[in-house]
Amino acid sequence: MKLITAIIKPFKLDDVKAALETFGVKGMTVSEASGFGRQKGHTEVYRGAEYKVDVVPKIRLEILVDDEDAEEVIDVVVKAAQTGKIGDGKVWSTTVDTVVRVRTGETGAEAL
Amino acid sequence: MKLITAIIKPFKLDDVKAALETFGVKGMTVSEASGFGRQKGHTEVYRGAEYKVDVVPKIRLEILVDDEDAEEVIDVVVKAAQTGKIGDGKVWSTTVDTVVRVRTGETGAEAL
Amino acid sequence: MKLITAIIKPFKLDDVKAALETFGVKGMTVSEASGFGRQKGHTEVYRGAEYKVDVVPKIRLEILVDDEDAEEVIDVVVKAAQTGKIGDGKVWSTTVDTVVRVRTGETGAEAL
Amino acid sequence: MEIDSGNTAWVLASAALVLLMTPGLAFFYGGMTRAKSVLNMMMMSFVSMAVAGMVWVLWGYSVAFGSEGGIPALFGGLDAWGLVGLETAVTDGLPDLAFAAFQATFAIITVALISGAIADRAKFLTWVVFIPVWLTLVYLPIAHWVWNAEGWIFKLGAIDFAGGTVVHINAGCAALALALVLGKRKGWPKEPMRPHNLPFVLLGAGLLWFGWFGFNGGSALAANETASLAFLNTIVATGAAGFGWLIVEKLRDGAATTLGIASGIVAGLVAITPAAAAMTPVGALVLGLVAGAICAVAVGLKYKLGYDDSLDVVGVHLVGGVIGALAIGVWGSAAFGADSLLAGGGIELLGKQALAVVATLAYSFIVTFIIGKVLDLTLGFRVDEEAEVSGIDLAEHAETAYDFGPSTSGGRSGAPAPVSADSKVEADA
Amino acid sequence: MEIDSGNTAWVLASAALVLLMTPGLAFFYGGMTRAKSVLNMMMMSFVSMAVAGMVWVLWGYSVAFGSEGGIPALFGGLDAWGLVGLETAVTDGLPDLAFAAFQATFAIITVALISGAIADRAKFLTWVVFIPVWLTLVYLPIAHWVWNAEGWIFKLGAIDFAGGTVVHINAGCAALALALVLGKRKGWPKEPMRPHNLPFVLLGAGLLWFGWFGFNGGSALAANETASLAFLNTIVATGAAGFGWLIVEKLRDGAATTLGIASGIVAGLVAITPAAAAMTPVGALVLGLVAGAICAVAVGLKYKLGYDDSLDVVGVHLVGGVIGALAIGVWGSAAFGADSLLAGGGIELLGKQALAVVATLAYSFIVTFIIGKVLDLTLGFRVDEEAEVSGIDLAEHAETAYDFGPSTSGGRSGAPAPVSADSKVEADA
Amino acid sequence: MEIDSGNTAWVLASAALVLLMTPGLAFFYGGMTRAKSVLNMMMMSFVSMAVAGMVWVLWGYSVAFGSEGGIPALFGGLDAWGLVGLETAVTDGLPDLAFAAFQATFAIITVALISGAIADRAKFLTWVVFIPVWLTLVYLPIAHWVWNAEGWIFKLGAIDFAGGTVVHINAGCAALALALVLGKRKGWPKEPMRPHNLPFVLLGAGLLWFGWFGFNGGSALAANETASLAFLNTIVATGAAGFGWLIVEKLRDGAATTLGIASGIVAGLVAITPAAAAMTPVGALVLGLVAGAICAVAVGLKYKLGYDDSLDVVGVHLVGGVIGALAIGVWGSAAFGADSLLAGGGIELLGKQALAVVATLAYSFIVTFIIGKVLDLTLGFRVDEEAEVSGIDLAEHAETAYDFGPSTSGGRSGAPAPVSADSKVEADA
Ligand SMILES: Nc1ncnc2c1ncn2[C@@H]1O[C@H](COP(=O)(O)OP(=O)(O)O)[C@@H](O)[C@H]1O
Ligand SMILES: Nc1ncnc2c1ncn2[C@@H]1O[C@H](COP(=O)(O)OP(=O)(O)O)[C@@H](O)[C@H]1O
Ligand SMILES: Nc1ncnc2c1ncn2[C@@H]1O[C@H](COP(=O)(O)OP(=O)(O)O)[C@@H](O)[C@H]1O
């Protein structure tokens, strides 16, 4: 079992979700994040005083998948989230020891 | 050392926390998330235009535990978070290489 | 490839970020979290009724690094985030199987 | 008769002020609920403005202020339905329509006040039905008793300058009745329910105070010394009550709160309402301190007695209203027509005040309880548990109050854009 | 001539009330946008207050209400530029400056109303230029036609008590023109765009209603029966319209919403504006129900016809204004000067009303469209796509509306302190 | 003497308007703080309403406007304590109590204005003690100097129509003194501190503008030409100042901001206050532009000089007030009693204006500084560092402003329900 984590641009979420559904992924968990990196933040001005915001809003996706699907899912996410501009984000995968579906107690692939 | 991650229904947080405390877990980290899955979202209406929200609010719990406690902690969470209805969430565990307590620099089991 | 996750006090974020930049880390992802642990929450009062808040605000940092940098990065974070008071947080590392930069599709160390 | 343009200007301005009190109330109450039910709370006030206004024009004014066609001591008839015949009438230099407009705003706010007791759990449709029924059976008769020259309380000689009995005691009792009919919210009082937006509560308190100058000052129906006295007392009693509430909080809880001062302000406004033109400014100051302090304690009663008067309509409006009504009998000023105990007038006035209070209290509670029960048994007055837990705004109004989306200062909070929603036009359904 | 202090008091109070309508509008509109463009939305209203006020003093009053130096039937000249000569003038007991101040607030709100159609996407600088140009070429002439005794619509005998044509039909048409000039927002109508703060919408509706008592009541220019009638009708028509809108929603969508009642309230205020002193209270009640229900349907038109009138200025102000203007001709009250169809006056009045409506509609649309096009071709009227997507507040104003930071109740929401920002003082640049 | 109902109506309406300014200020200031200290900021305004109102009734009116029992040129005695004897008095057609009520609202807002300088860090209890002490030692004497017929500035012949010296210069100086006494906030000016809620700032600015019509218009104490002029100038100068501020911002920072227009509006209101009835509308327009532009620059001074006047009370109220006072001497209108430089009156008036300014400035600064120091040494005026960092709302008031919980549009933002809180009833402690 793998956990795919993706940091993407917020406005790409719908595209990524659609692509994953098409691929057959049944669920995922989304949360808000802020990113530091090559992509620059912006500056606001309040009564003449500059206020620099050096993070950019990002979305974090977590998708549990079967080992065999991991690579393809990464591919799907990368393609759907790509704009080609700096700040598109990262996708990574880690190994999961066990997964349980809370409702039923099922584990492993059954739990997804 | 294991990291148990749980996605649960928000109103179950208190129960889960209480169960974990009873079990002897000393700390955990909580964050907000949204979930896609079998559980459906809802529809809002603004000036006659429908507005579909297809995610549901979830809570993400992260609990660092000793290897030997991992299974039991998963059990405790699953039991406490269960309502039996769709959308109860997932619990999974991954292997952690090292843990450090920032305050003291202690590592491993000492750090928890 | 390692993923370093750190739970720190919010007001320490600037220090940690600066320290990481000095060390040479190029990017990271930040999100909001709440922590339970030894550090206590607080009590509010509304029309005479007490309202206990037993979590404290925390920041979660995620930093992808090369295997050889992992230990040093942990060190850098721990030093920068330390106040010596209860609630300074935890830092842990896990093993990452693959990392992809969405923009280019580069993987591994190239992706950072 | 010739119109006095100055008095008319003041009464019209006052009517506008009193009308603003209901949106003010929506914020005072709405800020106190949780974020998942703020819209429903505000909606109960706004729909009161809509429905009570129509009732007032159609038959409300006639029943409350008409004397023919009804039972003079108890209620008026339908002679002046639709305000027919008032268009060009002028009484004491004031167009009858100005008076009717001014009074319309009183009916509106009174019914809206009740809604604070049933936060988070009332079926909206049933509330909409409740409004005209309650106004007709409870508000209009009591208004007739107190303000119509033929009304029995008017004739009794009890003093209620701007509506302590008709509006506040009445609303407070009705609130208690509905709180009992609907029952406790799920989780109350164990689960903590904190105000979701205290600045809104302060906004509401500010607008209420502002509007109340029309409520009290305008009740003189003229721009004269009486109005000026009522106005000034509405400054000082209100401030004193806010201060009184803070003192109790500081001593009891260790901290003076914004919710406390906002609550004290409203308690003071309630208490000074019947007494605004019957006390000296110093008397009003004392009344404020007393009312603020007592109400600060009274809001805790519900935990002891176990009724879920969610936003403390009883603790503030009922208790505050009673304090104000009785205080007139104790330290009202003889110079302003209150032969009170301390003014050497004996207990006669106090007795009358008490009688007016008890009559209003009993009538309002009993009739409202019956109305509530009947509506509960027929239409149902309470939403189902799931709606209550997931939030009444969504369940009853298909809306949620806020969507701060990705804007809370750019990247900082990292909130995402609305996640995958889909709009479909339904206007042609 | 001697001043009537009561009338003057009422007109000044009314002017203050009408001025407050524009901040009210800023909240009504601002709450309806997404959080990333609320500031720009509000700013369009606030800058209207700044610029229109200056225009009014410098030449606006003179062109609208002056009769010399211009073409009497169409517009006035510059004789009274800078309000020179009005300082001590008194007309019908009212200081001319009080009237000028009252009317200033009308010019302000009218131009601000238009901005609702171009939410999220208008270059701020171009909007600032648009204000004086539009006022001069569109608003001032129409105001002259309707309100100046020499104006052709005034002479025609069409009834527009408080500005249904000048303000609402005019603003609604201009809004449509600008919506067409600027085009649809990116993603509209596919991407859902929900109001980010419904309590703000309700606050705006409440303040608008409050201020509208000055708008309609003050238009009597005296504190008398006419003002009282207009005032009372502004209570009942408004409430009825809110209710009418809710009924349509309940039947069509299954839920009555707060956005619905707020919209209905505004629709009712718009509809009653021309008719406030030309209908009985019961007639006003009916007008409200009709206007609320029709506007609730009319806001769906844009999806069918494909123009992005973002916040429904057309569906509410244009449609509501037309309903009000025509209703006078149908069921206006003869007792108040409206020889309507139902009052047995035949269709003459209805014809005049229709003529006034059509003239305003056509003139406003055509001239505004030309102004908009010219500005678009010269200065550009639309921000670039990136600014629109990332948020116009940041792009045009270098600000974001909210930063709730770590406070939303302590640890609960776990929001972090502002992340690593750096302040540099720029005041000495 | 007979009451003029029109004038009384106007003064009462004005008093209500001015009272609303303080809640307006609470939002103007509260929106500018960070979310963790908004409640404390608003609380300082609200408690001013409570305490200053009581002080005013008990001895404030008597010291400011009484002439007997004190030193006529400097302050009054306690003859009219508790407003005893005013109940039926009428002066120039106006009930004395109406005047006392109107003036009460001035005392309230003045002290509240000061609080902007000490955002985020003042002990609440000390602030509560500061209010009556400061009013007594600073405000009441200065009010006496300027507004009592026996006061030395009144006799000098300096023009201050509605309170530029008494209210704004005075509050601005006191603010500077307290900012120095309390010292800089931790992290200032390095750490950025942005406004947490700009719509609230705009709401505050809107309510302030609205209320200011009472402040300036009502200061005529009659509904006449003077009131009308003051009213109109309060429209045009204010708008012009907002515009002037935006121009500076656009040129200097590249973007015109909502915080800028809100600030400019307040700067314009401050500047026109003393001059409202001493300038032509065009003169007022110019004054607005000048004041807005200069204040936009002046708010940067604190970074150069190093005092943490957190919300720019100095840059807006002190600077704006001085501009307004001196402008009367430079381009005031002779027709309205200002023999100014440009009106050919020489520099005499300007000299008097300058003297009044300097006297107020010096007296206010020195006495306030001493009061502040004494309070700091005895009660302590500043919260401890931990409270400042974690948020003064929680530390001083045991509250937090917001809890949007899980509602910000359902699932979208994924906020959790309040995390594990436990309620315990403490009402019976
Ligand atoms: N080393 C890292 N560890 C964790 N997240 C990172 C790391 N580097 C970048 N990120 C995340 O990826 C996002 C995009 O990275 P950035 O460097 O801006 O652009 P790109 O990936 O296109 O080169 C960042 O905003 C951040 O959220
Ligand atoms: N493949 C997945 N990866 C990550 N999170 C998932 C996945 N599937 C479901 N989830 C999370 O679990 C929650 C519950 O899943 P859902 O399918 O709705 O119900 P259930 O687990 O009861 O079958 C989702 O809302 C989502 O947050
Ligand atoms: N077992 C755990 N698993 C995950 N996070 C934890 C765990 N224990 C503590 N934390 C996180 O670390 C933070 C600090 O822990 P705490 O016990 O308060 O202090 P300290 O680490 O200084 O002993 C907590 O607020 C929580 O976010």
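- There is no contact between D:Ala222 and chain F, counting heavy-atom distances below 4.5 Å.
- Counting only heavy atoms from C-beta outward, the side chains of D:Leu221 and D:Trp10 never approach each other to under 4.5 Å.
- Among F:Gly53, F:Ala98, F:Ala16, F:Pro23, the residue making the largest number of heavy-atom pairs under 4.5 Å with chain D is F:Ala16.
- Donor-acceptor pairing under 3.5 Å is lacking for the side chains of F:Thr400 and F:Asp393.
- Ring geometry for F:Tyr61 versus F:Trp56: interplanar angle over 60°, hence perpendicular rather than tilted (30 to 60°).
- Counting heavy atoms from C-beta on, the side chains of F:Lys123 and F:Leu379 never come closer than 4.5 Å.
- Interface residue F:Leu19: only side-chain heavy atoms are found under 4.5 Å from chain D.
- No part of F:Val11 comes within reach of chain D, as not one of its non-hydrogen atoms sits under 4.5 angstrom from that chain.
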Please list every donor-acceptor pair under 3.5 Å in which a side-chain atom of residues 227-248 of chain D meets a protein atom from a residue at least two apart or in another chain.
from, atom 1, to, atom 2, distance (Å)
D:Ser228, OG, D:Asn224, O, 2.9
D:Asn233, ND2, D:Ala276, O, 2.8
D:Asn233, ND2, D:Met279, O, 3.0
D:Thr234, OG1, D:Asn216, ND2, 3.0
D:Thr234, OG1, D:Ala230, O, 2.6
D:Thr238, OG1, D:Thr234, O, 2.5
D:Trp245, NE1, D:Glu249, OE2, 3.4

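- Only the side chain of F:Glu399 comes within less than 4.5 Å of a heavy atom in chain D; its backbone stays farther off.
- A donor-acceptor contact shorter than 3.5 Å links the side chain of D:Lys302 to the backbone of D:Asp309.
- Of the two parts of D:Leu259, the backbone and the side chain both hold a non-hydrogen atom closer than 4.5 Å to a non-hydrogen atom of chain F.
- Ring geometry for F:Phe215 versus F:Trp212: interplanar angle of 30 to 60°, hence tilted.
- Using a 4.5 Å cut-off between heavy atoms, F:Leu39 touches chain D through backbone and side chain atoms alike.
- Heavy atoms of F:Ala223 lying under 4.5 Å from chain D are absent altogether.
- For chain D, no part of F:Leu86 is nearby; none of its heavy atoms comes within less than 4.5 Å.
- Of the two parts of F:Phe124, only the side chain, counted from C-beta on, holds a non-hydrogen atom closer than 4.5 Å to a non-hydrogen atom of chain D.
- Looking at F:Ser48, neither its backbone nor its side chain comes within 4.5 Å of chain D, counting heavy atoms on both sides.
- For D:Asp4, the part sitting under 4.5 Å from any heavy atom of chain F is the side chain, from C-beta outward, and nothing else.
- F:Trp81 touches chain D through its side chain: at least one heavy atom from C-beta onward sits under 4.5 Å away, while N, CA, C and O do not.
- Heavy atoms of D:Leu202 lying under 4.5 Å from chain F belong to its backbone as well as its side chain.
- Of the two parts of F:Val51, only the side chain, counted from C-beta on, holds a non-hydrogen atom closer than 4.5 Å to a non-hydrogen atom of chain D.
- Taking the side chain as every heavy atom from C-beta outward, F:Ile3 and D:Glu225 approach each other to under 4.5 Å.
- When atom types are taken as modelled, the side chain of D:Thr257 and the backbone of D:Gly260 share a donor-acceptor pair closer than 3.5 angstrom.
- Looking at F:Val47, both its backbone and its side chain come within 4.5 Å of chain D, counting heavy atoms on both sides.
- A search for salt bridge (charged side-chain N to carboxylate O under 4.0 Å, His left out) contacts involving D:Glu388 returns D:Arg382, not counting sequence neighbours.
- The contact between F:Ala104 and chain D is made entirely by side chain atoms (from C-beta outward), counting heavy-atom distances below 4.5 Å.
- Salt-bridge check for D:Arg185 with D:Asp120: passed, with a basic side-chain N closer than 4.0 Å to an acidic carboxylate O.
- In terms of heavy-atom pairs under 4.5 Å with chain F, the best-connected choice from D:Ile261, D:Thr226, D:Thr8, D:Asn7 is D:Ile261.
- Heavy-atom pairs under 4.5 Å with chain F peak, among D:Pro281, D:Gly206, D:Ala255, D:Pro199, at D:Pro199.
- Ring geometry, F:Phe99 versus F:Phe65: the interplanar angle exceeds 60°, so the pair is classed perpendicular (tilted spans 30 to 60°).
- Per-residue counts of heavy-atom pairs under 4.5 Å with chain D were compared for F:His196, F:Met43, F:Met42, F:Glu87; the largest is that of F:Met43.
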